Amino acid sequence: MERTLVLLKPDAVQRGLVGTILSRFEAKGLKLIGMKMQTFPEDLLRKHYDVHKERPFFAGLVEYMGSGPVVALAIEGKDAIAVVRRMVGKTNCREADPGTIRGDFGMSFSNNLVHASDGTDTAAFELGLWFSDAGEVSEWSPNNEPWIYNVAEELA
Ligand code: CMP
């Protein structure tokens, strides 16, 4: 099983899309193992987006991400990083395919509703940053898991 970080950004919260977006991940069969809502501090946002610190949009990005509450999710599943990235869609919502979260609900490049970790190392780094306290992550077994996955092929 793989873990990934998803952020429902301030625009998703302000537009009342938290439940709609969260329900997509649940309906897909991904397991929610952590969830918290806060207006997160600037130092955390700067660390999270450190790879973009030289980009012209960095200051605006940090300001936007700190402009209101964000919902941080820790999500688990087989190949969860790639599965979630596909569900989220291209960064620019106007180019994101219909059926993806950004493609269905967004029109902006910057205010693109959702962030999702883009690889194994990034997911480990980002989960450590946003869910630094082990108590914030719940270990649990959905009782429908044998129906979500094929037990012999995928849960052995
Ligand atoms: P995200 O997937 O969170 O990763 C980096 C974020 O920076 C991205 O979503 C957008 O919100 C933002 N971003 C990326 N490229 C641009 C850009 N060219 N102009 C403005 N914002 C951008």
Side-chain angles (χ1 to χ4, degrees), residues 1-139 148:
M1 289 289 169
E2 205 168 63
R3 291 179 172 187
T4 188
L5 176 84
V6 172
L7 302 175
L8 308 185
K9 299 182 176 186
D11 49 323
V13 176
Q14 296 291 339
R15 292 180 56 200
L17 290 171
V18 170
T20 302
I21 295 172
L22 184 57
S23 70
R24 289 197 171 201
F25 296 121
E26 286 191 307
K28 175 72 173 161
L30 290 158
K31 180 165 69 166
L32 187 59
I33 55 168
M35 176 161 71
K36 58 181 176 178
M37 179 175 179
Q38 268 179 52
T39 300
F40 289 93
E42 187 179 325
D43 65 317
L44 170 67
L45 301 172
R46 285 183 166 276
K47 280 183 200 152
H48 175 79
Y49 282 123
D50 190 61
V51 288
H52 297 303
K53 66 173 183 266
E54 307 300 340
R55 309 284 287 275
F57 59 82
F58 179 73
L61 176 61
V62 171
E63 191 185 342
Y64 144 69
M65 288 297 288
S67 66
V70 165
V71 177
L73 308 173
I75 285 180
E76 188 179 273
K78 286 268 175 193
D79 304 321
I81 298 168
V83 168
V84 168
R85 290 283 292 186
R86 279 200 298 276
M87 290 176 72
V88 166
K90 282 188 188 164
T91 305
N92 183 345
C93 295
R94 294 190 297 280
E95 292 176 2
D97 289 332
T100 65
I101 293 164
R102 288 170 175 158
D104 286 352
F105 302 117
M107 279 298 285
S108 172
F109 200 140
S110 321
N111 293 12
N112 59 2
L113 299 163
V114 188
H115 167 84
S117 307
D118 65 5
T120 315
D121 293 348
T122 321
F125 169 73
E126 293 178 353
L127 285 166
L129 202 55
W130 291 82
F131 290 92
S132 52
D133 178 351
E136 294 174 319
V137 172
S138 299
E139 311 283 347
I148 294 170

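Both ligands and their constituent atoms are indexed starting at 1 by order of listing. In this text the structure is predicted, and so the values were computed from the model without any measurement. Positions are given from 1 along the sequence.
Using a non-hydrogen distance threshold of 4.0 Å, Arg102 registers as a contact of ligand 1.
In terms of protein heavy atoms, atom 10 (C) of ligand 1 is closest to Asn112 ND2, 3.5 Å. Closest to atom 13 (N) of ligand 1 among all protein heavy atoms lies Phe57 CE1, 3.6 Å. When only non-hydrogen protein atoms are considered, atom 15 (N) of ligand 1 lies nearest to Phe109 CE2, 3.3 Å. The protein non-hydrogen atom at the shortest distance from atom 3 (O) of ligand 1 is Tyr49 OH, 2.5 Å. Closest protein heavy atom to atom 20 (C) of ligand 1: Ser110 OG, 3.3 Å.
For a threshold of 3.5 Å applied to N or O pairs, the pair formed by Lys9 and ligand 1 contains at least one separation below that value. Checked against a 3.5 angstrom limit, the closest N/O atoms of Arg85 and ligand 1 fall outside it.
The pair Asp133-Lys36 does not meet the salt-bridge criterion, since no charged nitrogen lies less than 4.0 angstrom from a carboxylate oxygen.
The proximity of Lys90 to ligand 1, defined as any non-hydrogen pair under 4.0 Å, does not occur for either the backbone or the side chain. Residue-level proximity to ligand 1 for Arg55 is absent, since no heavy atom of it falls below 4.0 angstrom.
Between Arg46 and Lys53 the shortest side-chain heavy-atom distance does not fall below 4.5 Å. Looking only at side-chain heavy atoms (C-beta outward), Thr100 and Val88 stay at 4.5 Å or farther from each other. Side chains of Leu7 and Met65 form a contact here, defined as non-hydrogen atoms less than 4.5 Å apart. Inter-residue side-chain proximity for Arg3 and Val137 is flagged as met; some heavy-atom pair is nearer than 4.5 Å.
Less than 4.0 angstrom separates some heavy atom of His52 from each of these atoms of ligand 1: 5 (C). Here is the list of ligand 1 atoms found below 4.0 Å of a heavy atom in Leu61: 6 (C), 7 (O), 11 (O), 12 (C).
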TODO: Would you sort out whether Leu32 and Leu22 count as a side chain to side chain contact (heavy atoms under 4.5 Å, CB included), showing the intermediate values?
DONE: CA-CA 9 Å; Leu32 187 59; Leu22 184 57; 4.1 Å; yes

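Side-chain atoms of Asn111 and Lys9 include no donor-acceptor pair closer than 3.5 Å.
Of the possible polar contacts, none joining the Arg102 side chain to the Leu113 backbone as a donor-acceptor pair under 3.5 Å is found.
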